[in-house]
Student: 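Once you've had a glance at the structure underneath, I'll fire off some questions.
Residue numbers begin at 1 in each chain, while the letters A, B, ... track the order of the sequences. Worth knowing before you read on, the calculation uses all heavy atoms, side chains too, and leaves out hydrogens, waters and symmetry mates.
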Protein chains: 2
Amino acid sequence: MEKQVATSIFESLSSGLRLDVFRLLVKKGPDGMVAGEIANALDVPPANLSFHLKALSQARLVTVEQEGRFQRYRANIPLMLDLIAYLTEECCSGSPDQCLELRTASKCSEEFLPLLSPTPAKATT
Amino acid sequence: MEKQVATSIFESLSSGLRLDVFRLLVKKGPDGMVAGEIANALDVPPANLSFHLKALSQARLVTVEQEGRFQRYRANIPLMLDLIAYLTEECCSGSPDQCLELRTASKCSEEFLPLLSPTPAKATT
DNA sequence: TTGATATTTGTAGTATTATTTAAATATGGA
DNA sequence: TCCATATTTAAATAATACTACAAATATCAA
């Protein structure tokens, strides 16, 4: 991933409202939501939401699909996963032991999501 | 994780320079680097770097430890992992099948890092 | 075609952020 | 103590982002 792609993603998620939008769309998964639904759910003026949706889609964090007079937005989850890989690549520059130590210090290790495990949803707990 | 914590992390990483700093520190792992080394490695004026290091440490993305007249900075990797969990939680609101589909669309699925797998560094490739 | 709905675009004001330069603080060594 | 080094703080300027409101575009339905 190129740096500029990464920074524009981070910039997109640095706004509380855009973060809300993105997480809402992550939750909805492949179904996505149309703009009006999002505006309702988050209680923001449509014009303001549109501004932020534009930022999100320019960063490619969300996709848009026209659906009659509606615009359906969906989270670009593969891109998010690429971003995570970019953030953690070269971690501890090739010392998996150190990495593992760090990982276990995180509370996310237990409750971790099937989404991120390399083998389909079969945690060893 | 609270939303404000997440947005300040994203804001921190939305600057190209801060992203460079953070990734450099991730690479260095537990060793970290002192401010001057970072300034040298990235070729930025110390005062400017200091500004950005302050932002990173206020977001708790890096930790600081005084070491004589040096300040040693380290990436807060556990926090980053918590952030990833926050971003992906409730994905597809309980439809692991949909989630899996999305995951395999990402190029990060193969080369994925031991860092993120729930079971210690034993990928099924 | 006309009207209603869904969404985007433009504009302007306000606020926040980044960079540079200079000065300040603090530590270690002579 | 005195000087050099490491880093931070302060001030000023330049650049960018957020929100609200008004207007424009586009689709559907009558």
Side-chain angles (χ1 to χ4, degrees), chain A residues 3-25 28 31-76, chain B residues 3-25 28 31-76:
Chain A
K3 188 169 84 173
Q4 205 197 343
V5 173
T7 53
S8 69
I9 293 174
F10 287 124
E11 193 194 311
S12 288
L13 296 175
S14 71
S15 142
L17 178 50
R18 287 195 295 260
L19 181 57
D20 284 341
V21 170
F22 182 70
R23 298 215 319 146
L24 184 57
L25 290 176
K28 290 291 175 177
D31 292 344
M33 291 174 88
V34 301
E37 288 174 338
I38 302 173
N40 264 321
L42 300 180
D43 194 32
V44 269
N48 190 16
L49 178 67
S50 183
F51 172 83
H52 292 289
L53 283 172
K54 191 179 175 185
L56 282 166
S57 54
Q58 277 175 349
R60 294 195 308 153
L61 259 176
V62 304
T63 61
V64 204
E65 189 186 2
Q66 183 143 13
E67 209 173 73
R69 53 181 155 167
F70 302 89
Q71 304 281 342
R72 183 165 297 273
Y73 287 91
R74 295 182 178 88
N76 183 351
Chain B
K3 187 169 85 173
Q4 205 196 343
V5 173
T7 53
S8 68
I9 292 174
F10 287 124
E11 193 194 312
S12 289
L13 297 175
S14 70
S15 141
L17 177 51
R18 286 194 296 258
L19 182 56
D20 285 341
V21 170
F22 182 72
R23 297 215 319 144
L24 184 57
L25 291 176
K28 291 291 176 176
D31 292 345
M33 292 173 86
V34 301
E37 288 175 339
I38 302 173
N40 265 323
L42 300 179
D43 194 32
V44 271
N48 191 15
L49 178 66
S50 182
F51 172 82
H52 291 290
L53 283 172
K54 191 179 175 186
L56 282 166
S57 54
Q58 276 175 351
R60 292 195 309 155
L61 259 176
V62 303
T63 61
V64 204
E65 189 186 2
Q66 183 143 13
E67 209 173 73
R69 50 180 157 169
F70 302 90
Q71 303 281 343
R72 183 165 296 274
Y73 287 89
R74 295 181 178 89
N76 183 352

Student: Check the distance between C/dT7's C1' and A/L49's CG and give it to me in whole angstrom.
Tutor: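 Rounded to whole Å, this separation is 10 Å.
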Student: Of B/D20, B/L61, B/D31, B/V62, which is the lone residue that meets side-chain contact (heavy atoms from CB on, under 4.5 Å) with B/L25?
Tutor: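 The option that passes is B/V62.
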Student: What distance do B/F51 atom CZ and B/R18 atom CZ have between them, rounded to the nearest 0.5 Å?
Tutor: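 Interatomic distance, B/F51 CZ to B/R18 CZ, rounded to 0.5 Å: 6.5 Å.
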Student: What's the spacing between B/I38 CD1 and B/Y73 OH if we round to 0.5 Å?
Tutor: 7.5 Å
Student: Rounding to a whole Å, what distance do you find between B/N40:CG and D/dT5:P?
Tutor: 14 Å
Student: Figure out the CD/P separation between A/E65 and D/dA26, and round it to whole Å.
Tutor: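 It works out to 19 Å between those atoms.
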Student: To the closest 0.5 Å, what do you measure between CZ (B/R60) and CD1 (B/I9)?
Tutor: 7.5 Å
Student: Where the side chain of A/N48 is concerned, which of D/dT19, C/dT7, C/dT20 is the nearest nucleotide?
Tutor: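 Nearest listed nucleotide: D/dT19.
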Student: Does B/A47 offer a backbone N or O that forms a donor-acceptor pair with the side chain of B/S50 under 3.5 Å?
Tutor: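 No; judged by distance alone, with no hydrogens or angles, the pair does not exist.
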Student: For the pair made of CZ in A/F10 and P in C/dA18, what is the distance, rounded to whole Å?
Tutor: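 Those two atoms, CZ and P, are 15 Å apart.
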Student: Report the distance from atom CZ of A/F51 to atom P of C/dT8, rounded to the nearest whole Å.
Tutor: 13 Å
Student: For B/Q4, does the CD atom sit with more than 12 other heavy atoms under 6.0 Å from it, leaving out its own atoms?
Tutor: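 At most 12 heavy atoms, drawn from other residues, nucleotides or ligands, come within 6.0 Å of this atom.
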Student: Of the listed nucleotides (D/dA20, D/dT8, C/dT7), which one gets closest to any side-chain atom of A/F70?
Tutor: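 So the side chain of A/F70 is nearest to C/dT7.
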Student: Could you list all N or O pairs between the protein and nucleotides 22-24 of chain D that sit under 3.5 Å apart?
Tutor:
none

Student: Let me confirm one number: the CG-CG distance from A/L49 to A/D43, rounded to the nearest 0.5 Å.
Tutor: 11.0 Å
Student: Can you list the residues that meet the side-chain hydrogen bond (donor to acceptor under 3.5 Å, both in side chains) rule with B/K54, with sequence neighbours excluded?
Tutor: none
Student: I need the CZ-C1' distance between B/R72 and D/dA6, as an integer number of Å.
Tutor: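 Value for this atom pair: 13 Å.
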Student: Could you please spell out the steps behind the side chain to side chain contact (heavy atoms under 4.5 Å, CB included) verdict for B/V21 and B/H52?
Tutor: CA-CA 9 Å; B/V21 170; B/H52 291 290; 5.7 Å; no
Student: Does B/Q66 have any side-chain hydrogen bond (donor to acceptor under 3.5 Å, both in side chains) partners at least two apart in sequence or in another chain, and if so, which?
Tutor: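 If we apply the side-chain hydrogen bond (donor to acceptor under 3.5 Å, both in side chains) test to B/Q66, skipping adjacent residues, there are no hits.
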Student: Among residues 56-64 of chain A, which contact DNA chain C at a heavy-atom distance under 4.0 Å?
Tutor: none
Student: Between B/F22 and B/N76, what is the shortest heavy-atom contact and its length?
Tutor: CE1-N, 4.4 Å
Student: Working to the nearest 0.5 angstrom, can you tell me the gap between B/L56 CG and B/L19 CG?
Tutor: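 CG of B/L19 is found 9.5 Å from CG of B/L56.
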Student: Please list, for nucleotides 25-30 of chain C, all pairs of protein and nucleotide N/O atoms separated by less than 3.5 Å.
Tutor:
none

Student: Ignoring hydrogens and geometry, is there a side-chain-to-backbone donor-acceptor pair from A/S12 to A/S8 under 3.5 Å?
Tutor: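 Yes: the side chain of A/S12 pairs with the backbone of A/S8.
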Student: State whether B/Y73 places a side-chain N or O below 4.0 Å from either non-bridging phosphate oxygen (OP1 or OP2) of D/dT8.
Tutor: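 Answer is yes, contact under 4.0 Å.
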Student: Without decimals, in angstroms, what is the distance between A/L53 CG and C/dT8 P?
Tutor: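 A/L53 atom CG is separated from C/dT8 atom P by 6 Å.
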Student: Using a strict heavy-atom distance below 4.0 Å, which residues from residues 11-22 of chain A are in contact with DNA chain C?
Tutor: none
Student: Are A/H52 and D/dA17 close enough that a side-chain N or O sits under 4.0 Å from OP1 or OP2?
Tutor: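 Looking at the OP1 and OP2 atoms of D/dA17, neither is under 4.0 Å from any side-chain N or O of A/H52.
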Student: Report the distance from atom NZ of A/K28 to atom CE of A/M33, rounding to the nearest 0.5 Å.
Tutor: 5.0 Å
